[in-house]
There are 2 protein chains.
Amino acid sequence: MARYPNVTIKDVAARAGVSITAVSHALNDKGTLSEETRERIRGVAQSMGYQADALARGLRRSQIGVIGIVLRPLDALENYSPPGVDYFLRFAGAAAVSTLDHGLSLMQVADLVKGPVTPLAFSLDGYIVTDPVRDDPVVGLLEERGIPYVTLGRDLGRPDASNWVASADADAARMTLEHLHEQGARTIVCVGGTDDNSWNADVEIAYRDWCERTDQPVRFLRSPEGLGEAGGRDLVPAILDDGMPDAIYSVTGRHAAGIQEAMRERGLVAPRDYLLACGTDADQTRTSDPPITAIDLRPEILARETVNLLVAITRGEAPAGRRLVSSELLVRRSSMRDG
Amino acid sequence: MARYPNVTIKDVAARAGVSITAVSHALNDKGTLSEETRERIRGVAQSMGYQADALARGLRRSQIGVIGIVLRPLDALENYSPPGVDYFLRFAGAAAVSTLDHGLSLMQVADLVKGPVTPLAFSLDGYIVTDPVRDDPVVGLLEERGIPYVTLGRDLGRPDASNWVASADADAARMTLEHLHEQGARTIVCVGGTDDNSWNADVEIAYRDWCERTDQPVRFLRSPEGLGEAGGRDLVPAILDDGMPDAIYSVTGRHAAGIQEAMRERGLVAPRDYLLACGTDADQTRTSDPPITAIDLRPEILARETVNLLVAITRGEAPAGRRLVSSELLVRRSSMRDG
DNA sequence: AAACTTGCATAAAACGATTTATGTATGTAC
DNA sequence: GTACATACATAAATCGTTTTATGCAAGTTT
């Protein structure tokens with residue numbers, strides 16, 4: 001399995017009987033070669049199976065054709081494929097496809113700020129950073145190095161930043177609460193996470209706002225994202241102690257699953273005894289019994305927008321921009337009063 | 001978001017008052033510098049936050065610190081995060097972690113043989129190719145380019161290859177069949193896929209062999225992997241027409257899920273009316289009702305072995321090698337006669 | 001005929017590292 | 001006092017491109 005020397009621009013030049021400059025110009029449509037010579041050189045290059053070395057080209061152009069993606073919540077979890085969370089995988093998968101559409105590719109980079117990081121990390125063309133926390137250190141690092149990036153969700157510590165894409169979290173929360181209200185729920189418990197990101201902030205504000213407008217009691221609880229199902233389970237006693245609510249709206253899917261289990265153990269089943277909805281769709285919400293009403297954040301669209309924005313920035317085509325993507329409410333049995 | 005010029009080896013040399021050769025030697029423990037000078041240079045480099053440019057280094061060394069992974073079955077599906085298949089994601093995730101342990105990183109490369117591919121593809125240090133088909137073109141391409149690779153599962157067209165890691169598929173199949181037999185099953189239908197890879201081949205041979213040894217009828221069916229649940233559903237009429245079997249052993253999880261659904265529609269429920277087992281564990285097999293007995297291929301261990309082997313090869317430490325990883329049978333309610 | 005364009009092609013510098021080939025002192029052997 | 005190691009440091013070549021700066025004809029203008 002020895003490494004064969006690849007055919008280089010020099011080889012092509014020799015075979016075509018021209019200078020390497022000529023070859024470079026012919027293949028990149030630059031310089032002042034005659035169309036005739038260009039054609040001939042292209043032919044020779046093709047026939048020799050020549051492909052420019054990405055490293056050498058990258059060294060000159062300082063563009064390597066790869067963008068990085070950092071999934072902040074998974075950094076925190078220290079687990080890059082946690083069960084019950086397929087949003088990030090769908091997002092990353094869709095982002096990979098979108099980058100391919102631009103002739104680029106995507107590389108997942110684990111935790112840019114602690115421990116040794118891939119040597120290539122600082123040579124990438126740009127970064128996507130999902131769900132940054134307030135004053136996110138990864139964002140800070142990229143900023144410091146002058147590497148272009150786009151965040152998915154806002155960095156709360158950088159209100160002036162204008163390089164982000166986000167889902168319309170507040171709208172989604174309102175939509176969900178209104179749906180539950182329509183189904184007859186009055187007292188609605190809201191369970192959020194503890195990460196200090198725009199998603200949690202937006203949902204909490206929207207919830208409190210909605211409660212005030214509709215004159216309903218505020219019953220807001222929090223559980224660390226990292227605790228997952230267990231975190232949801234643990235909240236149930238506190239929820240019930242305060243009196244049985246009509247509905248529970250859990251922002252994360254894993255909390256919702258834990259809540260559902262713990263409720264069932266107490267003989268409480270949705271939608272018979274309470275309504276249940278959650279803020280992110282996942283395999284679990286689709287296949288659980290009953291299936292859980294959830295917000296589809298439309299990761300595919302988010303990914304496309306994010307990649308387009310980042311690519312535009314790296315190419316110097318667009319100054320930057322903020323883009324909101326609306327979500328969709330998937331109503332399932334867990335929140336259907338007549339279900 | 002302008003790109004700041006990074007600190008280069010030249011800057012460090014200037015600041016330390018030495019040549020760039022000295023800096024390079026100090027940082028890479030080469031050359032004949034005095035320990036004193038070495039220390040001093042390292043200090044200066046550190047204080048300036050110097051980090052060698054990966055592209056420049058890669059150009060010289062022709063090693064970039066990144067290995068590629070190609071998931072062949074997902075290439076065929078043209079979907080890199082299909083629902084109901086978490087084996088590949090677990091494998092890829094575990095492989096990423098293992099590469100980090102070696103100071104390298106992992107990059108997923110979509111379909112190396114058709115369409116435009118990332119420019120970096122042929123500059124990577126090596127490749128992992130999962131479940132190659134017979135005479136796999138991706139393997140052929142890597143071979144041709146002299147790029148080191150390790151396959152997960154054997155390439156049936158390359159019997160002499162000695163650079164693979166595989167799960168002990170035949171053992172796993174026997175283990176499953178024996179379990180079903182112990183639970184009272186005699187007539188067992190086996191459903192395999194149509195991809196021409198070692199996994200399908202091994203399981204089919206083991207099944208036929210087991211039937212012969214135990215004097216049971218051979219009822220082997222096939223359905224394309226790409227059809228997923230629908231493929232499983234479609235087989236059910238044929239299965240029932242031949243007479244109700246005691247058990248069904250489906251090699252893929254998605255076929256199993258489809259079979260389970262179609263059977264249920266006919267009022268047939270496992271384990272009451274038949275036993276059900278499947279050859280790969282997934283979220284679906286864990287959370288379905290009833291949970292389905294499945295083989296855990298132990299993707300984490302497979303990934304570690306695969307990465308270790310590949311890294312050893314790229315570093316010229318090991319000549320190559322074949323490694324088998326045994327699987328584990330996760331017995332769940334779908335195959336428990338007294339369940 | 002000298003002075004400009006135009007059209008085409010190439011030489012050489014640059015990107016940022018690593019590695020090979022050379023020095024230059026200083027100390028030791030004969 | 002010449003020859004020969006030894007210890008330390010650097011100059012220059014190299015990796016494979018892209019890009020900038022030159023160069024040389026042939027044709028045009030004055």
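Because the structure is a prediction, the values reported are computed rather than measured. Here is the naming used below: chain letters follow the sequence lines, and residue numbers restart at 1 for every chain.
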Report task. Measure from NZ on B:K10 to C1' on C:dT18 and round the result to the nearest Å. Result -> 15 Å
Query - Side-chain N or O of A:T21 closer than 4.0 Å to phosphate OP1/OP2 of D:dT19 - result: no
**Report entry** Closest to side chain of A:L59, choosing from C:dA17, D:dA11, C:dC15
**Finding:** C:dC15
Requested in this report: Report which part of the nucleic acid A:L55 touches: base, sugar-phosphate, or nothing (heavy-atom distance under 4.0 Å, all strands).
Outcome: nothing
Query raised in the report: Does the side chain of A:Y87 reach to within under 4.5 Å of the side chain of A:L302, using non-hydrogen atoms?
Result: yes
Report summary line: The nucleotide from D:dG16, C:dT10, D:dA9 with an atom nearest the side chain of B:T37 is D:dA9
Query raised in the report: Between A:R57 and D:dT18, does any side-chain N or O lie under 4.0 Å from OP1 or OP2?
Result: yes
Report task. Taking A:D136 for its side chain and A:V138 for its backbone only, find out whether a donor-acceptor pair lies under 3.5 Å. Result -> yes
Report summary line: Sorted by position of nearest nucleotide on DNA chain D, 5' first, the leading residue of A:S24 and B:A22 is B:A22
Query raised in the report: Separation of A:R40 atom CZ from C:dC8 atom P, in whole Å?
Result: 14 Å
Requested in this report: Check every strand shown and say whether A:Q51 touches a base, only sugar-phosphate, or nothing at a heavy-atom separation below 4.0 Å.
Outcome: sugar-phosphate
Query raised in the report: Hey, is the side chain of A:S62 poking within less than 4.0 Å of OP1 or OP2 on C:dC15, counting only N and O atoms?
Result: no
Query raised in the report: Looking at B:Y50, does any N or O in its side chain come under 4.0 Å of the phosphate oxygens OP1/OP2 on C:dA17?
Result: yes
Query raised in the report: Can you find a donor-acceptor pair, distance only, under 3.5 Å between A:R60 side chain and D:dT17 base?
Result: no
Query raised in the report: Hey, which of these two, A:H25 or B:H25, hits DNA chain D nearer its 5' end, going by closest nucleotide?
Result: B:H25
Query raised in the report: Would you call B:R72 and B:N197 a side-chain contact if the rule is heavy atoms closer than 4.5 Å?
Result: no
Requested in this report: Could you tell me whether the side chain of A:L71 reaches within less than 4.5 Å of the side chain of A:I69, counting heavy atoms only?
Outcome: yes
Requested in this report: Give the nucleotide from the list D:dT19, D:dT17, D:dA13 with an atom nearest to the side chain of A:I9.
Outcome: D:dT17
Query raised in the report: A:T32 side chain: which of D:dT10, C:dA9, D:dA9 is closest?
Result: C:dA9
Query raised in the report: Does A:K30 put a side-chain nitrogen or oxygen below 4.0 Å from OP1 or OP2 of D:dT19?
Result: yes
Report summary line: Closest of C:dA9, D:dT18, C:dT18 to the B:R61 side chain is C:dT18
Requested in this report: Nearest whole angstrom, please: distance from the C1' of C:dG7 to the CD of A:E35.
Outcome: 14 Å
Query raised in the report: Considering only heavy atoms from C-beta outward, does the side chain of B:L33 approach that of B:I41 to under 4.5 Å?
Result: yes
Report task. Round to the nearest Å and state the distance from A:R38 atom CZ to C:dC8 atom C1'. Result -> 10 Å
Query raised in the report: Nearest of C:dG16, C:dT10, D:dG16 to any side-chain atom of A:V18?
Result: C:dT10
Query raised in the report: Reckon B:N6 touches a base, only the sugar-phosphate, or nothing at all at heavy-atom distances under 4.0 Å?
Result: nothing
**Report entry** Whole-Å gap separating P (D:dT18) and CG (A:D29)
**Finding:** 12 Å
Query raised in the report: Among B:D196, B:D195, B:D155, which residue meets the salt bridge (Lys or Arg N to Asp or Glu O under 4.0 Å) test with B:R134?
Result: B:D196
Query raised in the report: Between atom CG in B:L33 and atom P in D:dT6, what is the gap in whole Å?
Result: 19 Å
